[in-house]
Amino acid sequence: MSAETIPHKVLQHGERTPGKPAYYVRENDTWRATSWGTYAEEVKTAANAMIALGLEVGQPVGILGFNRPEWVIFDVAAMAAGAVPAGIYTTNSPAECKYILGHSEAPIVLLENEEQWEKIAAIRSELPALKHVVMMKGTDIDDEMVLSWDEFMAKGADAPDGELASRMDSLDMNQLATLIYTSGTTGPPKGVMLSHDNLAWTASQTVQMFSVTSADSAVSYLPLSHIAEQTFSIHVPATAGQAVYYAESIDNLADNMREGQPTIFFAVPWGWERFHAGVVANLAETTGAKAKIADWAFEVVAKVSALRTEGKEPSGLLAGQYAVAKKLVIDKIKPRLGMTNARVLGTGAAPISKEILEFFARLDMIIYEVYGQSEDTGPTSTNRPGKVRFGSVGPAYPGVDVTIADDGEIVVAGRNVFLGYYKDETATAETLIDGKLHSGDLGSFDDDGFLWITGRKKDIIITAGGKNVAPAPLEGGLKSHTLISEVVVIGDRKKFLSALVTLDEEAAAAFASENGITDPLHESDRIQQEIEAAVEDLNKDFARAEQIKKFTVLSRQLSIEGGELTPTLKVKRNKVSEHFAAEIDAMYGE
């Protein structure tokens, strides 16, 4: 019998600490707790319901909806029954949902609400394997294919006695546990196959490295179809016994954070940029003596954070100054952000500017940047307590062997490396070579063992002059400017590099107000000058052939709906080039 899978760990907490809170849901203006004992029973009931509906070992099930307890219960229950959960992004179109459900041949799918049901209803005739649709709480659909959550859970009583226990006893750590469908920057999504050992081992390493205990708590709000959110909402809590607060929605996240005050919080760079913009806006209203005190406090805390990135603590005069700075300034800012108790702050999925990390370090919030991908269960490397270097993605994850190939590609070996791509031997053979993950990313280690990302092999631009240019450093450098939200460098087979730029709407509006600009996009001489100055400053750090010669401020944001961004906010370069061909041609006089 294996007792180390995520489902086993959930049931163990249900037996050992049945009364401790496992998760919180906000109802009637209060947070209602559900215990580990109840959570474990919910998982067993849902697993039995799947068995009663005819779900076989190894079969996938789909999940489409925002973060809810039902999402996680269904996910863990599927694994307990020997099946394979596959999350679908809530922003996916009916055609994208059809691809994932058709590719996985899932006989059961869990849906959040009527909006998601309408997507499935539109494609159901094209999904011969789909037999049952289960709705999360609060939505009833009158259709013979559909079960309400209560109806689904009631099916658990029809499962054969002992079948679930037998299936759990038979679980193998190297068995397929879950499918993570990539967000697909190019082509259709690929199903990343992760084993029970991948999930359990990676979570265990995370718990040890960050000293996570049952006293910790986190807020669940990022897409659960992504491995990062599954790690912090499912696998780490199952390993450490910590509680999870389910955010009501992205719009309510700020309020939910202030009410829950979690100890663990993970955000993609976009989230930290929004926090940054809010703090900057509030600080701008501080003047006179208060502003001077705040500036002094930030400088003191910056010195303390610099020590802590190296595993040291302040002493003497600095320790005294730090205590005063916290009392006068920091302890008034952090509660408003929901960060009063925060001790593990993370970011990943995309590059974040060094300036953003340094800004939060001045607020007594050291953010650990992690790098990895679904194919290695999330982490390749990460900054961590006492080992932080802003701008890097930290040392290799504990127990993971990370090397740099001759061409600069990052290669990963370890128990977190995936089994391969579902039903795609060709793609597996290209990525998984001799058991090692060839990431497709370019990087280098410094003398202290910190990994630095320098680009992506497929994103390399080859100019008309034959110069190979990695766009990531240029894009990251420009995105650090407060007015800029996104940058896409252009130049493949062109005589010079150019850039498409989108404005940060809040920052642009504030800048426009300060400078008497009515329309930032069309009366943009001052804004153009600001960005031009940023480009010129950036170019000083690059060779002539790597410098941006022209740029265009786009009239709209890149978006998921527009097809330029994946659900995890990665840029689809081919779509950007296609949708803004006229703007690109204009920069090159074509």
Side-chain angles (χ1 to χ4, degrees), residues 66-67 89-92 182-185 218-229 231-233 247 249-257 262 264-281 337-339 342 345-360 363 365 367-374 378 390-391 393 453 456 471-472 475-489 499-510 554 556-573 575-576:
F66 185 66
N67 305 36
Y89 289 100
T90 58
T91 53
N92 279 169
T182 61
S183 49
T185 52
V219 172
S220 179
Y221 72 100
L222 290 171
L224 273 164
S225 42
H226 193 280
I227 187 59
E229 188 60 41
T231 297
F232 289 103
S233 290
S249 66
I250 293 295
D251 291 339
N252 289 344
L253 177 62
D255 289 338
N256 295 163
M257 285 286 293
I264 298 172
F265 184 72
F266 183 90
V268 295
W270 179 87
W272 290 114
E273 289 161 6
R274 297 282 75 75
F275 275 117
H276 171 264
V279 175
V280 168
L337 298 175
M339 300 290 180
L345 302 174
T347 189
I352 189 170
S353 75
K354 182 179 178 182
E355 288 73 16
I356 293 289
L357 298 175
E358 291 172 340
F359 175 85
F360 282 102
L363 300 183
M365 296 163 58
I367 300 170
Y368 305 117
E369 186 172 4
V370 60
Y371 157 73
Q373 49 201 134
S374 301
F390 297 140
V393 290
I453 306 301
R456 183 156 180 82
E475 292 167 347
L478 268 189
K479 281 181 67 175
S480 65
H481 194 288
T482 55
L483 283 174
I484 298 174
S485 61
E486 191 60 78
V487 179
V488 180
V489 171
L500 298 175
V501 175
T502 59
L503 298 180
D504 183 294
E505 294 174 349
E506 293 181 8
L554 298 178
R556 68 171 177 85
Q557 300 290 326
L558 306 184
S559 68
I560 297 172
E561 296 74 18
E564 300 93 15
L565 299 179
T566 71
T568 53
L569 305 182
K570 293 184 177 70
V571 174
K572 296 182 178 181
R573 293 179 181 276
K575 292 298 182 182
V576 170

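Along the sequence shown, residues are numbered consecutively beginning with 1. On a predicted model such as this, the values are computed, not experimentally measured, just so you know.
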Minimal non-hydrogen separation, [X] against [Y], with atom names:
X: Pro471; Y: Arg573; answer: CG-NH2, 3.6 Å
X: Ala247; Y: Phe66; answer: O-CE2, 3.4 Å
X: Ser480; Y: Glu355; answer: CB-OE1, 3.2 Å
X: Met365; Y: Leu345; answer: CB-CD1, 3.6 Å
X: Val219; Y: Pro262; answer: CG2-CG, 3.7 Å
X: Pro351; Y: Glu369; answer: CA-OE2, 4.2 Å

[atom1]/[X] to [atom2]/[Y] distance, rounded to the nearest 0.5 angstrom?
X: Leu483; Y: Thr502; atom1: CG; atom2: OG1; result: 11.0 Å
X: Leu363; Y: Leu337; atom1: CG; atom2: CG; result: 7.5 Å
X: Leu478; Y: Glu486; atom1: CG; atom2: CD; result: 11.0 Å
X: Leu222; Y: Trp270; atom1: CG; atom2: CH2; result: 9.5 Å
X: His226; Y: Thr231; atom1: NE2; atom2: OG1; result: 9.5 Å
X: Leu554; Y: Glu564; atom1: CG; atom2: CD; result: 9.0 Å

key: Beyond-backbone contact of Ile560 with Tyr89, side-chain heavy atoms, under 4.5 angstrom   = no

query = Crowded around Glu358 CD? As in, over 12 foreign heavy atoms under 6.0 Å?
reply =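 Atom CD in Glu358 is crowded, with more than 12 foreign heavy atoms closer than 6.0 Å.
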
query = Take atom CD in Gln557; do more than 12 heavy atoms of anything else shown fall under 6.0 Å from it?
reply =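 Yes - once you tally the heavy atoms of other residues, nucleotides and ligands closer than 6.0 Å, there are more than 12.
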
request  = Give me the ring orientation class for Trp272 and Phe360: parallel if the planes are under 30° apart, tilted from 30 to 60°, perpendicular past 60°.
outcome  = perpendicular

key: From CA spacing to verdict: side-chain contact (heavy atoms from CB on, under 4.5 Å), Ile356, Thr347   = CA-CA 11 Å; Ile356 293 289; Thr347 189; over 6 Å; no

note = Of Val487, Val576, Val489, Val571, the one forming a side chain to side chain contact (heavy atoms under 4.5 Å, CB included) with Leu500 is Val576

message = Just checking Tyr221 against Phe265, ring centres under 6.0 Å apart?
response =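 When the ring centroids of Tyr221 and Phe265 are compared, they turn out to be within the sub-6.0 Å range.
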
